[in-house]
Trainee: 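Structure in structure tokens, see below.
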There are 2 protein chains.
Amino acid sequence: MASKTGTSDRTHVQLRLTVDLVILTVRDGALQVLLVERGNAPFRGRPALPGGFLRPDEDIRDAAVRELAEETGLNGDALPLRQLRVFGRPDRDPRGRIVTVPYLAIAPNLPPPIAGSDATTAKWWPVDALDKDGTSLAFDHDDILRLAIDEAGRELEDTTVATAFCGDTFTIGELRRIYELIWGQALDPRNFNRKVTKADGFLEPVGTRPSREPGRPAMLYRAGPAKRLYPPMLRPNGSEEGAS
Amino acid sequence: MASKTGTSDRTHVQLRLTVDLVILTVRDGALQVLLVERGNAPFRGRPALPGGFLRPDEDIRDAAVRELAEETGLNGDALPLRQLRVFGRPDRDPRGRIVTVPYLAIAPNLPPPIAGSDATTAKWWPVDALDKDGTSLAFDHDDILRLAIDEAGRELEDTTVATAFCGDTFTIGELRRIYELIWGQALDPRNFNRKVTKADGFLEPVGTRPSREPGRPAMLYRAGPAKRLYPPMLRPNGSEEGAS
DNA sequence: CCAAAAGTGTTCCGGCTACACCCATGC
DNA sequence: GCATGGGTGTAGCCGGAACACTTTTGG
């Protein structure tokens with residue numbers, strides 16, 4: 001690293017670093033993302049990803065965990081939290097050179113308002129509603145969100161994170177709807193069922209759910225110990241995704 | 001992003017950002033990485049990944065391309081260049097808070113000394129020699145290197161980057177040796193042959209190589225237009241890698 | 001009885017594995 | 001001839017795709 005440029009050389013920039021969180025969940029049959037309303041310029045009043053500046057002597061991941069707790073009350077250590085590629089275009093923030101490290105967090109269906117945080121304006125937004133009415137986020141957060149959803153889809157393929165979208169116990173149908181929502185395509189319920197029940201350590205049966213809807217009552221499961229999924233789940237299509 | 005912390009709040013850090021390059025190649029039947037010898041403290045005299053500080057108003061990826069050109073004369077725009085996750089432990093650099101963005105570059109077998117750069121001490125190091133004699137790199141570059149090799153292995157599975165390790169034309173045996181080196185395991189030459197020749201857009205035949213070694217002369221190929229590989233190459237083992 | 005969701009059985013097919021076998025060369 | 005690497009053929013297996021069929025509920 002820069003063996004040739006001494007520390008006396010000051011052509012390099014001092015800059016600030018933020019972490020931003022893409023917290024995804026599934027509520028009311030829709031993929032939703034947690035956004036806050038900006039209270040200050042720039043982009044005042046516009047929705048933005050929750051996040052904040054890195055503190056001195058704070059590890060970057062710790063900053064993400066801290067912000068997650070502040071905004072949602074969730075314990076980031078217990079949640080799948082994944083670093084995405086940084087965004088650092090020189091003009092991405094009018095306040096100066098600010099590079100951001102985005103983290104993807106996948107959360108179960110949480111109580112709506114997420115109280116107890118200083119970001120009282122935090123709200124869940126359905127992702128496809130953003131697209132449809134053309135709401136655009138502050139900074140380059142639209143790009144970050146798109147990347148995050150893309151990565152989430154890829155992560156569903158060979159990890160068991162999908163269970164993190166669900167509560168403690170869930171049915172296979174609920175799990176399938178997670179996949180269908182994020183991948184943006186329908187799956188065969190019967191083959192899906194076989195596949196996930198046979199995947200070692202993915203699901204553990206815990207009884208039967210008395211049905212409230214027409215149809216045969218479903219078995220209940222909880223997440224098993226496995227983290228990686230092999231063989232991976234395959235999308236009907238070969239690859240690529242829309243994630244409308 | 002930090003709607004609650006006004007810009008007047010100064011609990012957040014000013015820091016500096018570097019890019020580091022993990023430039024991998026295959027030479028003399030071994031996986032090698034390009035390292036420079038540090039001329040200044042800290043870690044003076046220790047091998048390190050080439051890289052340097054981000055300049056004002058410079059995009060991060062542009063910085064990586066610039067450093068790549070400075071160190072190797074390679075045009076980074078034409079090379080597969082991929083951002084890895086950032087490394088930013090508060091104590092990773094004794095000079096202060098410095099966060100680094102590592103990039104993975106995969107290069108064909110280059111002329112050894114790589115002249116014309118200011119990093120005249122740049123040299124190729126066989127990766128497993130580093131492990132064996134316990135040579136450790138400056139900063140946390142050992143960790144970055146390990147991550148990069150891991151990512152390279154995963155990238156071989158579903159992209160055509162492996163051809164970037166080869167020259168303009170190459171035989172299937174040469175290509176196979178790339179996979180074997182990075183994955184650290186032997187592949188069946190016959191099945192490998194079929195698989196890659198059938199993969200659409202992966203290889204284009206360009207004639208026959210007169211053999212210098214015993215054995216039937218091999219067909220020559222050049223890289224085809226395809227970038228992604230579907231279905232992916234599968235490792236004999238399910239997953240995981242040693243990459244000794 | 002009908003619609004709807006859950007779950008099982010079965011058939012088909014394509015890709016991967018393993019290995020037998022042929023080809024072309026240097027020595 | 002023989003060792004060595006290149007390449008083709010082929011049989012078996014496994015997993016996914018498709019879909020018929022049974023089960024169990026609410027209306």
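Below, chain A is the first sequence line, B the second, and so on; all start at residue 1. Just so it is clear, the model here is predicted, and its values are computed rather than measured.
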Trainee: Considering residues at least two apart in sequence or located in another chain, which fulfil the side chain to side chain donor-acceptor pair (under 3.5 Å) criterion with B:Arg82?
Mentor: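 Partners of B:Arg82 by the side chain to side chain donor-acceptor pair (under 3.5 Å) criterion, ordered by chain and then number, come out as B:Glu151, B:Glu155.
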Trainee: Does anything in residues 194-209 of chain A come within less than 4.0 Å of DNA chain D? Heavy atoms only, and list the residues if so.
Mentor: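 Output list: A:Arg194, A:Lys195.
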Trainee: Let me spell it out: for each of A:Pro232 and B:Asn193, pick the nucleotide of DNA chain D with the closest heavy atom. Which residue's pick is nearer the 5' end?
Mentor: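 It is B:Asn193 whose nearest nucleotide is closer to the 5' end.
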Trainee: Can you give the first and last nucleotides of DNA chain D, 5' to 3', that have an atom under 4.0 Å from a heavy atom of chain B?
Mentor: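 Listed 5' to 3', the contact boundaries are D:dT4 to D:dT10.
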Trainee: Could you check whether any side-chain N or O of A:Glu180 sits under 3.5 Å from a backbone N or O of A:Leu187, counting only pairs where one atom can act as donor and the other as acceptor?
Mentor: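 Yes, A:Glu180 side chain to A:Leu187 backbone: donor-acceptor pair under 3.5 Å.
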Trainee: Looking just at side-chain N and O atoms, do B:Asn109 and B:Thr25 make a donor-acceptor pair shorter than 3.5 Å?
Mentor: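 Checked: B:Asn109/B:Thr25 side chains show no N/O donor-acceptor pair below 3.5 Å.
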Trainee: Can you list the residues that meet the side chain to side chain donor-acceptor pair (under 3.5 Å) rule with A:Asn193, with sequence neighbours excluded?
Mentor: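 Result, side chain to side chain donor-acceptor pair (under 3.5 Å) vs A:Asn193: none returned.
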Trainee: Tell me which of B:Pro231 and A:Pro217 sits closer to the 5' end of DNA chain C, going by the nucleotide each one is nearest to.
Mentor: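 This one resolves to A:Pro217.
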Trainee: List for me each residue that meets side chain to side chain donor-acceptor pair (under 3.5 Å) alongside B:Arg216, sequence neighbours excluded, and say none if there are none.
Mentor: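 Not a single residue meets the side chain to side chain donor-acceptor pair (under 3.5 Å) criterion with B:Arg216.
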Trainee: Is it possible for you to check whether B:Arg85 lies under 6.0 Å from the centre of the six-membered ring of B:Phe87, through NZ or CZ, and within 45° of that ring's axis?
Mentor: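 That pair qualifies as a cation-pi contact.
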Trainee: Aromatic rings A:Tyr179 and A:Trp183: how do their planes relate, parallel, tilted or perpendicular, breaks at 30° and 60°?
Mentor: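 If you compare the ring of A:Tyr179 with that of A:Trp183, the planes turn out perpendicular.
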Trainee: Is a donor on one side and an acceptor on the other found under 3.5 Å between the side chain of B:Thr163 and the backbone of B:Thr160?
Mentor: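 Judged by distance alone, yes, a pair lies under 3.5 Å.
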Trainee: Check this for me: A:Asp200, atom CG, are more than 12 non-hydrogen atoms of other residues, nucleotides or ligands nearer than 6.0 Å?
Mentor: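 Result for CG/A:Asp200: open.
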Trainee: Give me the first and last nucleotide of DNA chain C, going 5' to 3', that has any atom under 4.0 Å from a heavy atom of chain A.
Mentor: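 From 5' to 3', the first and last contacting nucleotides are C:dA4 to C:dT10.
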Trainee: Relative to the 5' end of DNA chain C, which residue comes earlier, A:Arg177 or B:Arg190, by the nucleotide with the nearest heavy atom?
Mentor: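 Of the two residues, A:Arg177 wins.
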Trainee: So does A:Asp133 have more than 12 non-hydrogen atoms from other groups sitting under 6.0 Å from CG?
Mentor: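 Counting other residues, nucleotides and ligands, CG of A:Asp133 exceeds 12 neighbours.
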Trainee: Select from B:Pro214 and B:Tyr221 the residue whose nearest nucleotide in DNA chain D is closer to the 5' end of that strand.
Mentor: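 Checking each residue's closest nucleotide, the 5'-ward one belongs to B:Pro214.
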